[in-house]
Amino acid sequence: MTEFTAEPYGETLASASILVIDDEVGMRNFLTKILRPRCKRVEQAASPAEASALLDEAHFDVVILDNILPGKKGLDWLVEQRRLGFFADTVMITAYADLETAIAALRAGVSDFVLKPFRANQILNAVARTLDRKMLRQENRLLRHELSADTAAGRGPLIGHSVALTAVRQMLHKLAPLQTPVLFTGASGTGKEIAARTLHALSDRAEAPFVAVNCATIAPDRIGEELFGVIEKGDKRAAGLFLLADGGTLLLDEVAMMPPQLQAMLLRVLEDRRIRPVGGERDIPLNLRFCFATNDDLPRAVAEGRFRADLYHRINIVTVDMPRLQERSEDIVELATHFMQSFSQALGMPALELDEETLLKLRRYDWPGNVRELRNLIERSVILGAFPPEFAGRGEVTGERAIETLDLVMQRHILHVLDRCDGNRAEAARRLGVSRKTIDRKCASWAM
């Protein structure tokens, strides 16, 4: 008995789901035997009817299709399925090779063509090539989407070790293994998309796509095509973002700004876990983790009639509230250091010194725009080669000493708490758990 285990046929093969359609049981079993050890899922069908039923129940990445089937040619079945709603790539296998069949296969959208009889490595190479091309198209489409959406601020690690952020991080670890939808709330600029990406990276979907969609920017006349895909006349097709994210995580940002039409469509998707492309006749099953984000008050939006109550209850299962930057102010220095290094490298420009005076000013500022405002300030300062006057410092201590020296860390923290207490030293001492004399002594040593 021959074993097929060693040859590499592309990284995408291991995560692929494949449907084998052939009326010969020996051929179906042969293909299943060589594919199953290498693929995530392999199903087989002996007839067009069986294949259509399987497509109604699951989405496949590749279909291996025999052209001679009972009652119908494989190419005729393929054309019919494309009109209904069929987004898998197809590898045609046939013992009858002629120019007419090859031309018809190309017109039907067949990705590769393998002549019978064939060896195991031939069909494996054909499937691997097809998957690689499919993955490249998908990555290009998602890259264009991300570039058009300008999602750079939503990337990167979740930085900070404050109590507030630690609680968020612990919740993400708890939710990661589950399929439960998650609603991220919080003010603009608090890092809701970064938290959603972190959740995705911690989950078993980490190798699959993460797709972020800003509901406020979708043109009403493009909603269906953009999200659900489209089947056009002439058998042309385009997968939507829902299908491109299949197997991964979809974040619907600014969900409170979602048009009423999309709210109704989304409710059906969440209930049925299926989508129907515009112009299609088949509901395509989805395997998605849904995340939602908003800086709006959704209960108020429901009360005002701007957001459907039934949809709100569907998405409000688990809420992760992202803290404002002033609520995690101990993370400001770490964030500023990270952004300084990142922008210096990305822009190819020298990093600015973060001395003790600048760090103190950064820590004492309120940051109404939250992490995004801090990020923008650092980027702008790197570009201009200097901090704005309100953050510029003339300190002599820089680098790790400015960041880590205990007395400077203590100074930044105490003065920040004093600011929150409007300079009331007794209240600041109470919040810090120290005596009023300790605060007075520290302030005197800092010549305040």
Side-chain angles (χ1 to χ4, degrees), residues 156-166 187 189-191 322-345 347 349-448:
L158 201 58
I159 296 170
H161 296 85
S162 61
V163 173
L165 196 66
T166 297
T190 52
M322 298 300 294
R324 292 178 176 273
L325 186 52
Q326 61 180 238
E327 296 168 0
R328 46 177 289 217
S329 59
E330 52 265 58
D331 295 332
I332 290 173
V333 171
E334 186 177 352
L335 285 163
T337 304
H338 169 77
F339 291 145
M340 184 62 71
Q341 294 173 346
S342 297
F343 284 121
S344 174
Q345 293 175 1
L347 299 171
M349 304 179 77
L352 305 182
E353 291 286 2
L354 290 167
D355 62 45
E356 77 271 25
E357 285 189 17
T358 295
L359 291 176
L360 181 59
K361 290 177 178 180
L362 292 173
R363 180 67 188 274
R364 298 182 72 175
Y365 180 62
D366 279 344
W367 299 110
N370 297 296
V371 178
R372 183 181 294 126
E373 183 182 4
L374 174 60
R375 181 182 185 275
N376 292 346
L377 169 74
I378 300 297
E379 182 178 11
R380 184 165 58 251
S381 299
V382 171
I383 292 171
L384 298 177
F387 288 105
E390 60 270 31
F391 293 103
R394 298 179 181 177
E396 298 178 355
V397 183
T398 59
E400 292 186 5
R401 287 180 57 222
I403 296 168
E404 299 177 0
T405 299
L406 181 59
D407 191 53
L408 294 175
V409 172
M410 188 184 304
Q411 180 190 34
R412 289 192 290 265
H413 184 57
I414 290 176
L415 293 181
H416 171 78
V417 174
L418 268 172
D419 290 338
R420 301 283 78 75
C421 298
D422 296 324
N424 187 323
R425 295 187 180 186
E427 175 61 19
R430 187 190 66 79
R431 294 189 186 184
L432 290 167
V434 299
S435 68
R436 165 66 186 268
K437 288 183 178 180
T438 300
I439 300 295
D440 291 338
R441 187 171 62 253
K442 288 295 182 183
C443 288
S445 70
W446 300 324
M448 294 187 64

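Residue numbers count from 1 along this sequence.
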_Qualifying residues under ring-ring contact (aromatic ring centres under 6.0 Å, His included), relative to Phe391, sequence neighbours excluded_ =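 Tyr365, Trp367.
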Please check: side-chain N/O of [X] versus main-chain N/O of [Y], any donor-acceptor pairing under 3.5 Å?
X: Asn370; Y: Arg372; value: no
X: Ser344; Y: Gln341; value: no
X: Arg363; Y: Ser329; value: yes

Grab the two heavy atoms, one from [X] and one from [Y], that are nearest each other, plus how far apart they are.
X: Arg328; Y: Ala164; answer: CB-CB, 4.4 Å
X: Lys361; Y: Pro389; answer: NZ-O, 4.0 Å
X: Asp355; Y: Thr358; answer: OD1-N, 2.8 Å
X: Ala336; Y: Leu374; answer: N-CD2, 4.1 Å

What distance do [X] atom [atom1] and [Y] atom [atom2] have between them, rounded to the nearest 0.5 Å?
X: Leu362; Y: Ile378; atom1: CG; atom2: CD1; value: 6.0 Å
X: Glu379; Y: Met340; atom1: CD; atom2: CE; value: 11.5 Å
X: Glu353; Y: Phe387; atom1: CD; atom2: CZ; value: 9.5 Å
X: Glu327; Y: Leu165; atom1: CD; atom2: CG; value: 11.5 Å
X: Glu334; Y: Thr337; atom1: CD; atom2: OG1; value: 7.5 Å
X: Arg375; Y: Leu377; atom1: CZ; atom2: CG; value: 12.0 Å

Would you say [X] and [Y] make side-chain contact, with heavy atoms under 4.5 Å?
X: Val371; Y: Thr190; answer: no
X: Leu359; Y: Arg364; answer: no
X: Gln326; Y: Pro368; answer: no

*Is it the case that Ser162 and Asp331 place a side-chain donor and acceptor less than 3.5 Å from each other?*
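Their side chains do contain a donor-acceptor pair, which is all the 3.5 Å distance test asks for.
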